[in-house]
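Worksheet for the structure shown next.
All chains are named by letter (A, B, ...) in the order of the sequence lines, taking the proteins before the strands, and each is independently numbered beginning at 1. Computed from heavy atoms alone, side chains included, the values below leave out hydrogens, waters and symmetry copies.
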Protein chains: 4
Amino acid sequence: MARGRRVNSSGERSKQLLLEKAIELFSAHGYHQTKISDIVKAANLTQPTFYLYFHSKESLFNDLNSEFQKSFYDIFNGGLAQLEGNENVRKKMFAMLKDILSYFVQNPNLTKIGFFESAEAEEMKRELADRLVEIMTVHNIQGSMLEHVDTRIFVESLLGSLERLTLTKLLTEKRTPEMLAEDIINIYFAEQEELVR
Amino acid sequence: MARGRRVNSSGERSKQLLLEKAIELFSAHGYHQTKISDIVKAANLTQPTFYLYFHSKESLFNDLNSEFQKSFYDIFNGGLAQLEGNENVRKKMFAMLKDILSYFVQNPNLTKIGFFESAEAEEMKRELADRLVEIMTVHNIQGSMLEHVDTRIFVESLLGSLERLTLTKLLTEKRTPEMLAEDIINIYFAEQEELVR
Amino acid sequence: MARGRRVNSSGERSKQLLLEKAIELFSAHGYHQTKISDIVKAANLTQPTFYLYFHSKESLFNDLNSEFQKSFYDIFNGGLAQLEGNENVRKKMFAMLKDILSYFVQNPNLTKIGFFESAEAEEMKRELADRLVEIMTVHNIQGSMLEHVDTRIFVESLLGSLERLTLTKLLTEKRTPEMLAEDIINIYFAEQEELVR
Amino acid sequence: MARGRRVNSSGERSKQLLLEKAIELFSAHGYHQTKISDIVKAANLTQPTFYLYFHSKESLFNDLNSEFQKSFYDIFNGGLAQLEGNENVRKKMFAMLKDILSYFVQNPNLTKIGFFESAEAEEMKRELADRLVEIMTVHNIQGSMLEHVDTRIFVESLLGSLERLTLTKLLTEKRTPEMLAEDIINIYFAEQEELVR
DNA sequence: TATGAATGAGGTTTCATTCAT
DNA sequence: TATGAATGAAACCTCATTCAT
């Protein structure tokens with residue numbers, strides 16, 4: 001390939017392309033198995049071009065992770081805000097789950113990176129769990145039938161379900177966010193006369 | 001500097017040591033971030049010694065994974081065999097979970113590798129889920145309260161809970177296998193007059 | 001984004017700017033640590049513009065070096081011409097040194113490049129020394145007190161003093177050309193009844 | 001070249017070889033123009049071998065520089081200690097210079113690196129000059145004929161002479177340490193009845 | 001059995017330079 | 001005249017693996 005600018009080339013487009021390919025490859029094969037050479041090959045560009053738009057492989061990965069986390073926190077915090085107050089917990093939980101899962105389907109590869117691949121994902125989930133436990137404790141939420149289960153356990157279990165169902169049912173498009181949110185609600189907040197006591 | 005066989009050295013001992021350190025490091029930092037040099041350093045041996053006992057880094061990892069899978073399948077299949085027949089499902093499930101979790105606590109690092117790190121883990125879990133779904137369907141198991149939840153979803157959710165609780169509660173020794181098995185049973189098989197119909 | 005010729009731009013101005021910045025940066029950080037990207041950034045221009053005016057990084061550096069050498073040779077040769085004849089050597093030497101040092105202070109960065117940085121500087125100094133030795137020998141100049149010192153050594157020593165004093169006292173503006181010329185004369189041509197014999 | 005250990009190879013020897021070649025090349029072409037590939041090629045080894053013995057190109061260079069500086073400081077401080085007290089300054093100066101120059105001839109390439117190439121060289125020389133000025137001031141040393149020259153200037157001039165004569169006469173083996181030390185003494189400490197006042 | 005010594009292969013990153021506009 | 005966009009070439013460095021002892 002000759003040196004210099006290509007016909008019809010655009011920086012914005014190239015950067016976008018690299019970003020897309022990076023997300024695809026990172027999510028498909030993980031950080032270590034994705035080489036810069038893979039990314040630029042997929043984008044039909046060369047390695048120096050990568051460094052025109054990104055500082056380093058690591059920083060690109062971190063940026064992607066941050067992007068995910070930011071969006072996720074926004075949605076999660078929005079949902080949590082609704083949860084305060086103890087009526088209609090079931091409905092509110094459903095709404096929050098649906099929002100989260102909707103974001104996931106709309107950004108499947110970013111989700112794989114930020115929710116499953118990155119080192120920071122685990123910390124984020126721990127925080128998540130902490131917040132949920134707190135809210136549930138303060139507002140005295142938890143299905144009556146689960147009265148024998150510690151709230152912390154309840155929450156971690158739910159998180160695990162969310163993780164696995166996302167991976168196997170949502171991102172494989174076997175189920176929609178709505179369906180999955182309903183499933184989870186059915187499992188963790190079985191319908192009852194009164195959810196709180 | 002001295003070379004050759006060390007006094008008091010035994011091949012088996014060296015191999016065992018390398019195995020242990022490899023398990024520790026792979027489980028702690030993952031495959032790619034664990035270098036052969038790290039393993040042998042931890043074992044106080046040298047790199048060529050590694051190749052005396054293992055064909056390659058990859059094959060060692062695969063061996064460890066296989067070891068885990070074999071044990072796991074044994075336990076799982078044992079449990080499944082009990083499950084056939086539809087009385088006392090709750091108890092049998094509890095027993096199976098307890099067995100699995102017991103194996104996990106006894107082999108925490110191998111579990112991290114074989115259940116969480118390896119590429120084959122996912123496939124194994126898929127199989128697991130398949131078998132569980134099959135059994136549950138054939139024997140018509142599933143709590144009445146979950147009648148609105150598809151069996152496949154139910155099973156994947158349970159698997160997710162198992163994963164996450166193992167990681168956050170069992171391997172951190174915050175909960176025993178018994179406790180955790182009970183928790184899961186309480187969540188997924190809430191006590192009822194009759195579990196099956 | 002806008003491309004093409006800027007309003008108010010003039011080729012000469014851009015070239016001059018690049019030249020200035022290049023001199024600054026080459027003199028401050030040396031050839032290898034000065035990147036084209038640094039130069040154009042400092043000049044608020046872009047890399048291709050650099051190649052509009054200069055053939056390459058190396059050729060620019062060489063040009064700068066040549067510019068210095070040319071000026072230097074002019075001054076030096078002028079001074080040498082005066083030196084022919086053996087009266088008033090002290091005064092003539094002083095004048096020559098002052099002229100050289102004046103040029104140095106007026107072109108501090110170019111001096112750093114052409115007198116200290118460039119590979120050719122050494123060759124130039126060798127020539128310089130040769131010429132000085134020749135003149136001094138032919139005209140039988142050299143302080144009586146230094147009768148035990150070989151002329152070549154005398155000259156190289158003086159050159160070394162010139163180098164170091166330029167670097168540490170002149171270019172740091174701790175001393176004027178006049179002062180420094182006098183200092184050197186005082187060291188190398190201590191006042192005597194008769195300078196020559 | 002086949003992989004693995006070569007016949008008759010020795011780590012000590014390889015390291016030494018690399019060190020030698022590195023010193024040669026760094027001193028001949030400077031830091032930036034000396035590639036690791038050059039060094040290992042000269043040593044008939046491969047690049048990874050370099051990293052078996054040195055942490056990085058930069059650290060190797062720094063090590064070499066430090067080695068020079070340490071030796072130099074030792075010699076210099078030894079010389080300075082002798083200088084305290086004001087009799088026989090001429091002799092003591094001669095001795096010190098001879099020691100320094102002797103070290104230089106014995107380590108010509110290291111000298112080029114540590115005294116002429118490294119960034120730290122300048123700082124070292126500044127310190128050197130400071131110490132000399134201090135000693136000369138305190139002990140009231142300085143040739144009578146140089147009474148019109150500021151001590152600082154005197155010292156910097158001497159240092160410049162030392163630099164240049166080292167480069168052009170000593171390292172080219174045109175003059176021995178003894179001869180050069182004498183030359184410098186003759187220039188800067190012209191014989192007199194009394195050196196101090 | 002074990003190690004000292006070495007390397008093939010390949011990774012990330014940098015930089016001077018060039019093309020298309 | 002000037003720039004946005006791109007790349008060839010090559011630098012430093014790492015790691016799994018292997019040979020000679």
(request) Starting from C1' on E:dA6, measure out to NZ on D:Lys15 and report it in whole angstrom. (result) 16 Å
(message) Tell me the interatomic distance from C:Leu18, atom CG, to F:dA2, atom P, rounded to whole angstroms.
(response) 9 Å
(request) Go through the steps for C:His55 and C:Asp63 under the test side-chain contact (heavy atoms from CB on, under 4.5 Å), then give the verdict. (result) CA-CA 10 Å; C:His55 182 72; C:Asp63 287 355; over 6 Å; no
(request) Write down the distance between CG (B:Leu17) and P (E:dA2), rounded to a whole number of angstrom. (result) 10 Å
(request) Look at the side-chain N and O atoms of C:Tyr51 and state whether any lies under 4.0 Å from the OP1 or OP2 oxygen of E:dT17. (result) yes
(message) Reading DNA chain E from 5' onward, which residue's closest nucleotide shows up sooner: A:Ile36 or C:Ser56?
(response) A:Ile36
(message) Quick check on the helix from E:dA2-F:dT21 to E:dT21-F:dA2: what's the angle between its two end axes, five base pairs per end, to the nearest 10°?
(response) 30°
(message) I want to check one thing: is the phosphate of E:dT7, taken as OP1 and OP2, less than 4.0 Å away from some side-chain N or O of D:Thr49?
(response) yes
(request) Using atom NZ of D:Lys41 as one end and atom P of E:dT7 as the other, report the distance to the nearest whole Å. (result) 14 Å
(request) Indicate the ring-plane relationship of C:Phe104 and C:Phe115, choosing parallel, tilted or perpendicular according to the 30° and 60° boundaries. (result) tilted
(message) Which nucleotide wins on minimum distance to the side chain of A:Gln47, given the candidates E:dA20, F:dC15, E:dT13?
(response) E:dT13
(message) Using the ring centroid of each side chain, check whether B:Tyr103 and B:Phe72 are separated by less than 6.0 Å.
(response) no
(request) Identify whether any heavy atom of B:Thr34 sits under 4.0 Å from a base atom; if not, whether one sits that close to sugar-phosphate; answer base, sugar-phosphate or nothing. (result) sugar-phosphate
(message) So, does B:Tyr53 get its side chain near the phosphate of E:dA2, meaning an N or O under 4.0 Å from OP1 or OP2?
(response) yes
(request) Just compare F:dC12, F:dT17, E:dG11 and give me whichever is closest to any side-chain atom of A:Ser37. (result) E:dG11
(message) Please determine whether a side-chain nitrogen or oxygen atom of D:Ser9 lies at a distance below 4.0 Å from atom OP1 or OP2 of E:dA5.
(response) no
(message) Would A:Lys125 and A:Phe116 count as a cation-pi pair here, with the cationic atom under 6.0 angstrom from the ring centre and within 45° of the axis?
(response) yes
(request) Measure from the side chain of A:Arg3, starting at C-beta and using heavy atoms only, and say which of E:dA5, E:dT18, E:dT13 lies closest. (result) E:dT18
(message) Once you apply a heavy-atom cut-off of 4.0 Å, does C:Leu52 come out as touching a base, just sugar-phosphate, or nothing?
(response) base
(message) Need to verify one output field. Residue with the more 5' nearest nucleotide on DNA chain F, D:Asn8 or A:Glu12?
(response) A:Glu12
(request) Decide side-chain contact (heavy atoms from CB on, under 4.5 Å) for B:Leu19 and B:Leu64; before the verdict, give the C-alpha distance in whole Å, the side-chain angles of both, and the deciding distance to 0.1 Å. (result) CA-CA 9 Å; B:Leu19 226 29; B:Leu64 294 176; 4.0 Å; yes
(request) Could you check how far CZ of A:Arg5 sits from C1' of E:dT21, rounded to whole Å? (result) 6 Å
(message) If you assign each of D:His55 and B:His55 to its closest nucleotide in DNA chain F, which residue comes earlier from the 5' end?
(response) D:His55
(message) OP1 or OP2 of F:dA6 versus the side-chain N and O atoms of A:Ser14: is any pair under 4.0 Å?
(response) yes
(message) Output the rounded distance in Å from CZ (A:Phe50) to P (E:dC15).
(response) 17 Å
(request) Give B:Glu58 one of three labels, base, sugar-phosphate or nothing, depending on what nucleic acid heavy atoms sit under 4.0 Å from its own. (result) nothing
(message) Let's see if you can work this out: which of F:dG8, F:dG4, E:dG8 has an atom nearest to the side-chain heavy atoms of D:Pro48?
(response) E:dG8
(message) Would D:Phe68 and D:Met124 count as a side-chain contact (heavy atoms from CB on, under 4.5 Å) here? Give the steps.
(response) CA-CA 11 Å; D:Phe68 172 84; D:Met124 193 187 75; 3.8 Å; yes
(request) To the nearest Å, give me how far apart NE2 (C:His29) and P (E:dC15) are. (result) 14 Å
(message) Between A:Gln33 and A:Asp38, is there a side-chain heavy-atom distance shorter than 4.5 Å?
(response) no
(request) Inspect the surroundings of CD in B:Glu58 and state if more than 12 heavy atoms from other residues, nucleotides or ligands are less than 6.0 Å away. (result) no
(message) Without decimals, in angstroms, what is the distance between C:Asn44 CG and F:dG4 P?
(response) 11 Å
